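The structure is given below, and queries will be raised subsequently.
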Amino acid sequence: MASVFDPSLSTSRQPLGSGPSLADTLPSINFGFDDLRDRMAKFTAKFDAFIEQGRKRLLEERNQFHMNVAELQEDQRMKKKDIEILQLKTNTHQQTMSKEAAETREMQAAIASLSAQRDKQAAMRDALREQIATTQKDIEARLAAQRAHAAQMEAQARFNVPELDFWVTNLCMRIEGAGAEDRLKFVYTHVDEKSWDREAWFELSTGSRDYDVRHCRPKLERDKVEKVLDRVNETRELAVLLKGMRELFVEAMKS
């Protein structure tokens, strides 16, 4: 800003009242207040606009931050809920697997037990089949022996009828049935000297090749009966049996 102040003028003083006043002689100074005021107003307007924009941007950022936090919290809540559902499904799956494993073990134990029972029954069935086959063979062998013995007895009976009548008469004996096809009962009288009517008897089994005495009254010693049977089975003569058993009864009556 140009100044009209001249320092040379300050040295020359004029008498008072004779010229222009001192104030008139002062230089005119222009500080530019209007321009400064205008510039300050513009700066204030810009600053206020900057502050307002910053406030709006901060508010928007804060709102966006709250929205982001809310979204994160919602995501976290949903993920937590998903984790709880997944954990529940996992526990249910583990329980199901444990139950299925227990059922599998029970089924395997039942299958093993049934297999053992099946094997046992199969073994018993095979043993029974073998036993039945053996028994059948034994029965067939016995039937064959009985048929052969019956045929032999029938053939021999034709020749022994007169002899049997002789021994029946002479030994005071009679022949009765014993309740079975392969047994005969021989009843003696006159074996007890004190009572001729007292009877003694024995049952003869003819079901096998060798003769056998099953029952007798009075009771005889088995060893003595076996000796008589050995002679009979060796000679195949019925008279030996009839006389031998009578002698044993007579001896037993005396004792």
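If you read the sequence from its start, that first residue is 1, and numbering goes on from there. Small disclaimer: the values here were computed from a predicted structure and weren't measured.
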Is the shortest heavy-atom distance from the side chain of D38 to the side chain of D34 under 4.5 Å?
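They are not in side-chain contact.
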Is it true that atom CD of E221 has more than 12 heavy atoms of other residues, nucleotides or ligands lying nearer than 6.0 Å?
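It does not: E221 CD has 12 such atoms or fewer within range.
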Under a single-linkage definition using a 4.5 Å side-chain heavy-atom cutoff for Ile, Leu, Val, Met, Phe, Trp and Tyr, are W201 and L204 assigned to the same hydrophobic cluster?
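Not linked; separate clusters.
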Flag yes if more than 12 heavy atoms outside D197 fall under 6.0 Å of its CG atom; otherwise flag no.
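It does not: D197 CG has 12 such atoms or fewer within range.
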Would you indicate whether E234, at its atom CD, is surrounded by more than 12 heavy atoms from other residues, nucleotides or ligands within a distance under 6.0 Å?
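No, CD of E234 has 12 or fewer neighbouring heavy atoms, counting only those of other groups under 6.0 Å.
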About how many Å separate OG1 of T135 and CD of Q131, when rounded to the nearest 0.5 Å?
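Result: 5.0 Å between the selected atoms.
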Residue pair M245 / M173, side-chain heavy-atom distance below 4.5 Å
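In short, these two side chains do not touch, never coming nearer than 4.5 Å.
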Establish, from distance only, whether the side-chain atoms of Q95 and N91 form a donor-acceptor pair under 3.5 Å.
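Their side chains do not contain a donor-acceptor pair, so the 3.5 Å distance test is not met.
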So do T104 and M107 actually touch side chain to side chain, heavy atoms under 4.5 Å?
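Answer no - side chains too far apart.
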In terms of hydrophobic clusters joined by side-chain contacts under 4.5 Å, are L242 and L184 together?
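Yes: a chain of side-chain contacts under 4.5 Å links L242 to L184.
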Hey, is the main chain of T134 close enough, under 3.5 Å, to the side chain of D138 for a donor-acceptor pair?
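Answer holds: no.
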Would you check if C172 and R246 make a side-chain contact, meaning some heavy-atom pair closer than 4.5 Å?
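With C-beta onward as the side chain, the pair touches.
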Do the side chains of I175 and F202 join up, straight or via other hydrophobic residues, at under 4.5 Å, putting them in one cluster?
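Linked, I175 and F202 end up in one cluster.
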Mark yes when over 12 heavy atoms from residues, nucleotides or ligands other than E84 sit less than 6.0 Å from its CD; otherwise mark no.
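Yes, the 6.0 Å shell around CD holds more than 12 heavy atoms from other groups.
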F47 vs F43 aromatic rings, parallel, tilted or perpendicular, using cut-offs 30° and 60°?
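Aromatic pair F47/F43 classed parallel.
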When rounded to the nearest 0.5 angstrom, what is the spacing between CZ in R125 and CD1 in I132?
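One gets 11.5 Å once the value is rounded to the nearest 0.5 Å.
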Ion pair present between K227 and D230, side-chain N to carboxylate O less than 4.0 angstrom?
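No salt bridge links K227 with D230.
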D210 and L229: CA distance, side-chain angles, deciding distance, side-chain contact (heavy atoms from CB on, under 4.5 Å) verdict
CA-CA 8 Å; D210 293 337; L229 290 173; over 6 Å; no
Closest non-hydrogen atom pair between P218 and M253, with its separation:
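Smallest interatomic distance, heavy atoms only, reads CD-CE, 3.8 Å.
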Between CZ on residue R174 and OG1 on residue T189, distance to nearest 0.5 Å
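Interatomic distance, R174 CZ to T189 OG1, rounded to 0.5 Å: 7.5 Å.
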So that I can tick it off, tell me whether R222 and D212 are bridged by a salt bridge, with the cut-off set at under 4.0 angstrom between side-chain N and carboxylate O.
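The answer is yes: the pair qualifies as a salt bridge.
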Within a strict 4.5 Å, meaning less than it, do heavy atoms of the Q117 and L114 side chains meet?
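Side-chain contact under 4.5 Å: yes.
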Hey, does V228 have a side-chain heavy atom less than 4.5 Å from the side chain of R231?
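Yes, side chains in contact.
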Do T44 and R39 make a side-chain contact, defined as non-hydrogen atoms from C-beta onward lying under 4.5 Å apart?
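In short, these two side chains do not touch, never coming nearer than 4.5 Å.
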Starting at NE2 of H66, measure out to CD of Q73 and round the result to the nearest 0.5 Å.
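Those atoms lie 10.5 Å apart.
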Is there a side-chain contact between L171 and K243 (heavy atoms, below 4.5 Å)?
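With C-beta onward as the side chain, the pair touches.
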Separation between CZ of R118 and CD1 of I111, rounded to the nearest 0.5 Å
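CD1 of I111 is found 10.5 Å from CZ of R118.
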Inter-residue atom distance E203.CD - R217.CZ, 0.5 Å rounding
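CZ of R217 is found 9.5 Å from CD of E203.
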Test side-chain contact (heavy atoms from CB on, under 4.5 Å) on E193 and K254 and set out the steps.
CA-CA 8 Å; E193 295 179 354; K254 292 180 178 179; 4.0 Å; yes
Under 4.0 Å between a Lys/Arg side-chain N and an Asp/Glu carboxylate O for E60 and R57?
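No, no charged N to carboxylate O under 4.0 Å.
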Is R55 salt-bridged to E52, cutoff N-O under 4.0 Å?
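So R55 pairs with E52 through a salt bridge.
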Exam field: side chain S113 to backbone A109, donor-acceptor pair closer than 3.5 Å:
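Checked: no pair found.
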